[in-house]
Chemist: 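One structure, as structure tokens, below. Some questions next.
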Amino acid sequence: MTELLKISLPDGSVREMEPGSTPGDVAAAIGPGLAKAAIAARVDGELRDINRPFEGDAELALVTSRDEEDALELARHDFAHVLAEAVQSLYPGTQITFGPATDDGFYYDVKAPADREPFSMDDLPDIEEEMRRIIKADKPLRREVWSRQQLIDKWEAEGEVFKAEWAKELPENEELTVYWSGEDWLDMCRGPHLASTGKLDPQAFKLTRVAGAYWRGDQNNPQLTRIYGTGWLNKKQLNAHLTRLEEAAKRDHRKLGREMDLFHLQEEAHGSVFWHPKGYRIWRELEAYMRRKMDKAGYREIKTPQLMDVRQWEQSGHWGKYAENMFAVPDMVPEVEELGDGPANPSVAPDADWMAIKPMNCPAHVLVFKQGITSYRDLPIRLGEMGCCHRNEPHGALHGLMRVRQFTQDDAHIFCTEEQVVEEVKAFIELADQVYRDFGFTYDVKLALRPEKRFGSDEDWDKAEQELRDAVAVSDMQGEGDGKLEELPGEGAFYAPKLEWHLTDAIGRTWQVGTIQGDRVLPDRLDASYVGEDGEKHRPVMLHRAIFGSYERFIGILIEHFAGRLPVWLAPVQAVVATIVSDADDYAKEAVARLEAAGIRVESDLRNEKINYKVREHSHAKVPHLLVVGNREAEEGTVAIRTLGEKEQRVMSLAEAIAMLKAEATPPDLREG
RNA sequence: GCUGCUGUAGCUCAGUGGUAGAGCGCACCCUUGGUAAGGGUGAGGCCGGGAGUUCAAUCCUCCCCAGCAGCACCA
């Protein structure tokens with residue numbers, strides 16, 4: 001008699017099962033309810049098909065739709081397969097490639113048959129319908145182990161050149177699997193999958209868009225059509241997600257920037273921002289805030305040149321590694337052909353010297369550090385700059401305020417000794433924590449580790465990475481997310497590992513903003529040194545750091561985070577005094593004068609319009625407080641305050657209103673207590 | 001940079017092989033009205049830029065530019 005398998009369950013109990021039995025059998029043995037609810041299994045921690053037989057004794061945890069993360073992952077993966085099957089069923093000759101799950105759904109990269117245009121949005125409804133048909137048919141998804149040669153033969157026979165290429169590169173010794181959908185379609189896949197297509201909710205997905213994507217993510221390869229979908233466990237979840245997308249569109253900083261008259265962009269300066277008075281007001285408030293923070297933290301602010309001779313950039317290494325993203329200008333007045341009003345035709349002498357506009361501030365800061373002789377007693381030296389940089393970004397990457405060609409960083413470089421690194425990083429982590437909390441963000445910190453292409457010895461990298469880990473361990477952070485330090489292998493800069501701050505905004509999106517990087521390369525290349533206690537020259541470590549990242553991007557994030565309803569201290573216009581009748585004009589003017597005297601950014605609205613109209617307009621403009629005055633208020637010396645987002649008005653004396661606004665308009669770092 | 005789509009009034013968008021329309025906004029007039037659109041009149045456009053086809057191009061074709069979505073990139 002064969003030996004029974006010992007299957008241990010999460011509650012500690014052990015069940016004996018026949019060899020060849022599956023997690024599904026265990027579920028059935030426990031009860032019919034569970035048998036119905038179980039959609040997959042974790043066997044010794046690995047997510048597996050519910051119907052895949054055990055290979056020996058095992059620890060089993062059954063997965064139901066309550067294990068949302070696993071369930072979503074499975075469902076999305078299945079949706080991707082159903083999508084591929086649907087496309088091939090509708091359009092024979094379509095090649096399929098890859099189709100993974102994403103954060104909110106799934107996609108599949110396909111190549112349309114040669115005699116057909118690439119797929120477009122217009123094809124999506126048909127594909128969706130076919131997917132629903134496949135789901136309704138409840139086709140079993142069956143795992144089968146194939147040899148590599150079997151796979152290659154199949155794909156080659158079917159003209160699936162991408163799949164065949166991939167199969168050829170699969171490792172010889174690994175168990176290769178395919179999944180059948182019913183008896184008529186299969187895809188190469190590691191799995192796991194749900195037991196059948198019918199486990200999916202046909203109302204819980206939606207194909208959202210098509211886009212170009214390169215085969216294996218390399219732009220030298222053929223371009224495929226990527227069909228995106230969003231997929232969920234049920235219709236309710238799908239609808240909630242679609243609502244969230246609508247909410248994100250409403251908050252789009254490009255739309256709000258125009259509506260609130262904050263800034264504009266135009267093609268003559270694409271990728272650079274025209275800040276309007278109201279938008280620049282936000283900038284100035286942020287800048288003043290950051291200056292106070294940095295002054296207090298022992299930074300000294302400097303200002304360095306926009307243009308430097310390219311030889312300087314050669315020495316720093318940027319001209320070699322970064323030239324394609326840099327703007328260069330000839331160090332001469334270009335000859336311009338006289339063509340009247342016609343197009344100018346400037347030419348540059350072949351022997352002209354070239355200068356480059358700075359794409360970053362670090363080399364200039366090293367040059368400041370190098371002036372004179374620095375003693376170890378002077379360290380650390382923290383040099384800060386609101387540094388305006390230009391980078392010639394790929395045009396397709398430009399995006400509103402989030403990705404621009406001209407931007408200003410809240411940049412600083414800390415020059416310190418090896419021994420001071422952890423302490424300086426710790427101080428920075430705590431400074432960043434205060435700042436992000438002042439804006440109401442939570443965040444995650446991630447550690448980007450050495451990339452493949454890098455400068456410096458492995459020893460230095462070991463040290464630099466460990467310093468950052470140590471600093472995180474000893475730092476006091478309150479505004480953080482789950483508190484775990486996620487490490488990102490290969491994501492560091494070529495000269496340094498970096499800590500990255502990823503903010504989470506009001507609707508759950510994340511944005512990378514702050515960073516600190518421990519650099520031993522640039523001080524060496526630019527020969528920066530200090531005199532140590534021993535009288536010898538030593539290399540300082542250079543910490544690159546920023547908290548906002550760039551003003552442009554940070555303002556974009558703030559606009560979206562607050563949906564335009566900025567906190568009063570940042571609001572370009574903090575209050576509007578609006579009259580109901582012109583008899584109240586004089587009182588309104590007096591109120592404005594007193595508010596201005598108290599430092600409030602206030603405007604008056606004495607126009608011959610109804611109060612309804614004024615309320616509507618200033619609400620759209622996202623003015624935090626509307627102070628309404630009519631005859632009653634003028635007589636009593638009061639104002640009727642309508643606060644953005646509230647339905648009820650509050651009547652209070654003008655003096656009380658001023659005190660309240662003044663308190664709200666105080667930046668968070670200047671508040672008492 | 002790549003693929004696809006788009007470019008018409010300040011904004012949002014209709015439209016046509018015979019040089020153009022709406023709503024909002026703006027200006028002026030009437031209205032002085034108590035918390036999200038009072039009424040009327042009017043001004044405003046090289047239909048993204050260049051070339052081609054045509055008797056005729058905002059519309060068709062090609063090239064360029066910019067924007068959008070995705071990809072790639074992101075020190």
Chemist: Would one find a side-chain N or O of Tyr107(A) under 4.0 angstrom from OP1 or OP2 of C71(B)?
Modeler: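 Checking Tyr107(A) against C71(B): no side-chain N or O falls below 4.0 Å of OP1 or OP2.
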Chemist: Under 3.5 Å, is there a donor-acceptor pair linking the side chains of Thr515(A) and Gln517(A)?
Modeler: yes
Chemist: The side chain of Ala493(A) lies closest to which of these nucleotides: A72(B), A75(B), G34(B)?
Modeler: A75(B)
Chemist: Considering only the P atoms, how many Å lie between G49(B) and A9(B), rounded to the nearest integer?
Modeler: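 Rounded to whole Å, the distance is 11 Å.
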Chemist: Write down the distance separating the C1' atoms in U16(B) and G21(B), rounded off to the nearest Å.
Modeler: 11 Å
Chemist: What is the separation between atom NE2 on His395(A) and atom P on U3(B), rounded to the nearest whole Å?
Modeler: 15 Å
Chemist: Is the phosphate of A75(B), meaning OP1 or OP2, less than 4.0 Å from a side-chain N or O of Lys498(A)?
Modeler: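 Yes, Lys498(A) has a side-chain N/O under 4.0 Å of OP1/OP2 on A75(B).
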Chemist: Report which part of the nucleic acid Glu646(A) touches: base, sugar-phosphate, or nothing (heavy-atom distance under 4.0 Å, all strands).
Modeler: nothing
Chemist: What interatomic distance, in whole Å, is found between P of C60(B) and the corresponding atom of G18(B)?
Modeler: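 The same atom, P, in both gives a distance of 12 Å.
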Chemist: Which dot-bracket string fits RNA chain B when only Watson-Crick or G-U wobble pairs with both atom distances under 3.5 Å count, crossing pairs get [ ], and | stands for a partner on a different strand?
Modeler: (((((((..((((....[..)))).(((((.......))))).....(((((..]....))))))))))))....
Chemist: So, is Arg254(A) close to the C68(B) phosphate, meaning a side-chain N or O under 4.0 Å from OP1 or OP2?
Modeler: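 Yes, Arg254(A) has a side-chain N/O under 4.0 Å of OP1/OP2 on C68(B).
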Chemist: Could you work out which one of G34(B), U32(B), C73(B) sits closest to the side chain of Ala640(A)?
Modeler: G34(B)
Chemist: Run the ring-ring contact (aromatic ring centres under 6.0 Å, His included) check on His365(A) and His544(A) step by step: do they pass?
Modeler: CA-CA 10 Å; His365(A) 287 200; His544(A) 306 245; 9.3 Å; no
Chemist: Using the C1' atoms only, state how far U3(B) lies from A20(B), rounded to an integer number of Å.
Modeler: 34 Å
Chemist: Between atom CG in Leu124(A) and atom C1' in G70(B), what is the gap in whole Å?
Modeler: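 Rounded to the whole Å, the gap is 13 Å.
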Chemist: Counting any heavy atom closer than 4.0 Å, what does His620(A) reach on the DNA or RNA strands: base, sugar-phosphate only, or nothing?
Modeler: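 The residue His620(A) makes base contact.
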Chemist: In residues 316-328 of chain A, which ones come under 4.0 Å of RNA chain B, going by heavy atoms?
Modeler: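 The answer is His318(A), Lys321(A), Tyr322(A).
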Chemist: Side chains of Glu324(A) and Asn392(A) only: does a donor on one sit below 3.5 Å from an acceptor on the other?
Modeler: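 No, no side-chain donor-acceptor pair sits under 3.5 Å.
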Chemist: Between Tyr613(A) and U32(B), is there a contact of a side-chain N or O with OP1 or OP2 at under 4.0 Å?
Modeler: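 For U32(B), OP1/OP2 do not have a side-chain N/O of Tyr613(A) under 4.0 Å.
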Chemist: Tell me whether the OP1 or OP2 atom of U3(B) has a side-chain N or O from Arg226(A) closer than 4.0 Å.
Modeler: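 Answer is no, no contact under 4.0 Å.
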Chemist: Would you classify Arg632(A) as touching base, sugar-phosphate or nothing, given that sugar-phosphate means primed atoms plus P, OP1 and OP2, and contacts are heavy atoms under 4.0 Å?
Modeler: base
Chemist: Can you check the distance between U61(B) and G44(B), where both ends of the measurement are the C1' atom (answer in whole Å)?
Modeler: 33 Å
Chemist: Side chain of Arg258(A): nearest nucleotide among C26(B), U12(B), U32(B)?
Modeler: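 Comparing C26(B), U12(B), U32(B) against the side chain of Arg258(A), the answer is U12(B).
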Chemist: Decide whether His502(A) and Asp444(A) meet the rule of one side-chain donor and one side-chain acceptor closer than 3.5 Å.
Modeler: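 No - no donor-acceptor pair under 3.5 Å links their side chains.
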Chemist: Would you call Glu560(A)-Arg254(A) a salt bridge at under 4.0 Å N-O?
Modeler: no
Chemist: Given the C1' atoms of C46(B) and U19(B), what is the spacing between them in whole Å?
Modeler: 10 Å
Chemist: Measure from OH on Tyr228(A) to P on G70(B) and round the result to the nearest Å.
Modeler: 8 Å
Chemist: Does Lys358(A) make a cation-pi contact with Phe327(A) (under 6.0 Å, within 45 degrees of the axis)?
Modeler: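 No, a cation-pi geometry is absent between Lys358(A) and Phe327(A).
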Chemist: Within the 4.0 Å heavy-atom criterion, would you say Asp583(A) contacts the bases, only the backbone, or no part of the nucleic acid?
Modeler: nothing
Chemist: For Glu635(A), does the CD atom sit with more than 12 other heavy atoms under 6.0 Å from it, leaving out its own atoms?
Modeler: no
Chemist: Determine, using ring centers only, whether Tyr495(A) and Phe455(A) are less than 6.0 Å apart.
Modeler: no
Chemist: Check every strand shown and say whether Ala578(A) touches a base, only sugar-phosphate, or nothing at a heavy-atom separation below 4.0 Å.
Modeler: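 Nothing: the residue Ala578(A), judged by heavy atoms under 4.0 Å, touches no strand.
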Chemist: Counting side-chain heavy atoms from CB outward, which of A75(B), A66(B), G38(B) is closest to Asn612(A)?
Modeler: G38(B)
Chemist: May I ask you to check whether Thr230(A) and Arg76(A) show a side-chain donor-acceptor distance below 3.5 Å?
Modeler: no
Chemist: Quick check for you: among G70(B), A66(B), U35(B), whose closest atom lies nearest to any side-chain atom of Arg642(A)?
Modeler: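 Minimum distance to the Arg642(A) side chain belongs to U35(B).
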Chemist: Out of C26(B), A66(B), U35(B), which has the shortest distance to the side chain of Val628(A)?
Modeler: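 When the side chain of Val628(A) is considered, U35(B) is the closest of C26(B), A66(B), U35(B).
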Chemist: Please give the distance between the C1' atoms of C24(B) and G17(B) as a whole number of Å.
Modeler: 32 Å
Chemist: Find the distance Leu265(A):CG to C68(B):C1' and express it as a whole number of Å.
Modeler: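 It is 13 Å, rounded to the nearest whole Å.
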Chemist: Please determine if Lys111(A) forms a cation-pi arrangement with Phe162(A), meaning its NZ or CZ atom is less than 6.0 Å from the six-membered ring centre and no more than 45° off the ring axis.
Modeler: no
Chemist: What about Glu259(A): does its side chain form a donor-acceptor pair under 3.5 Å with the base of G25(B)?
Modeler: no
Chemist: Under 4.0 Å, heavy atoms only, any strand: does Ile580(A) hit a base, just the sugar-phosphate, or nothing?
Modeler: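 The answer is base, as Ile580(A) lies within the cut-off (heavy atoms under 4.0 Å) of a base atom.
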Chemist: In whole angstroms, how far is the C1' atom of G33(B) from the CG atom of Asp605(A)?
Modeler: 14 Å
Chemist: Distance between the P atoms of U8(B) and A14(B), in whole angstroms?
Modeler: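 After rounding to an integer number of Å, I get 10 Å for this pair.
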Chemist: Would you kindly give the CZ-to-P distance between Arg403(A) and C74(B), to the nearest whole Å?
Modeler: 8 Å
Chemist: With distance as the sole criterion, is a donor-acceptor pair present between the side chains of His318(A) and Gln312(A) under 3.5 Å?
Modeler: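 No, no side-chain donor-acceptor pair sits under 3.5 Å.
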Chemist: To the nearest Å, give me how far apart CD (Gln266(A)) and P (G10(B)) are.
Modeler: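 My rounded result for the distance is 13 Å.
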Chemist: Within the 3.5 Å criterion, strictly below it, is a donor on His395(A) or Glu393(A) matched to an acceptor on the partner's side chain?
Modeler: no
Chemist: Find out whether the Lys NZ or Arg CZ of Arg226(A) is both under 6.0 angstrom from the six-membered ring centre of Tyr107(A) and within 45° of the ring's axis.
Modeler: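 Verdict for Tyr107(A): a cation-pi partner in Arg226(A).
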Chemist: Of the listed nucleotides (A75(B), C11(B), G25(B)), which one gets closest to any side-chain atom of Met360(A)?
Modeler: A75(B)
Chemist: On the nucleotide A36(B), are OP1 or OP2 found under 4.0 Å from the side-chain N or O atoms that His618(A) carries?
Modeler: no
Chemist: Starting at atom CD1 of Ile611(A), determine the distance to atom C1' of G38(B), rounded to an integer number of angstrom.
Modeler: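 So the two atoms are 14 Å apart, to the nearest Å.
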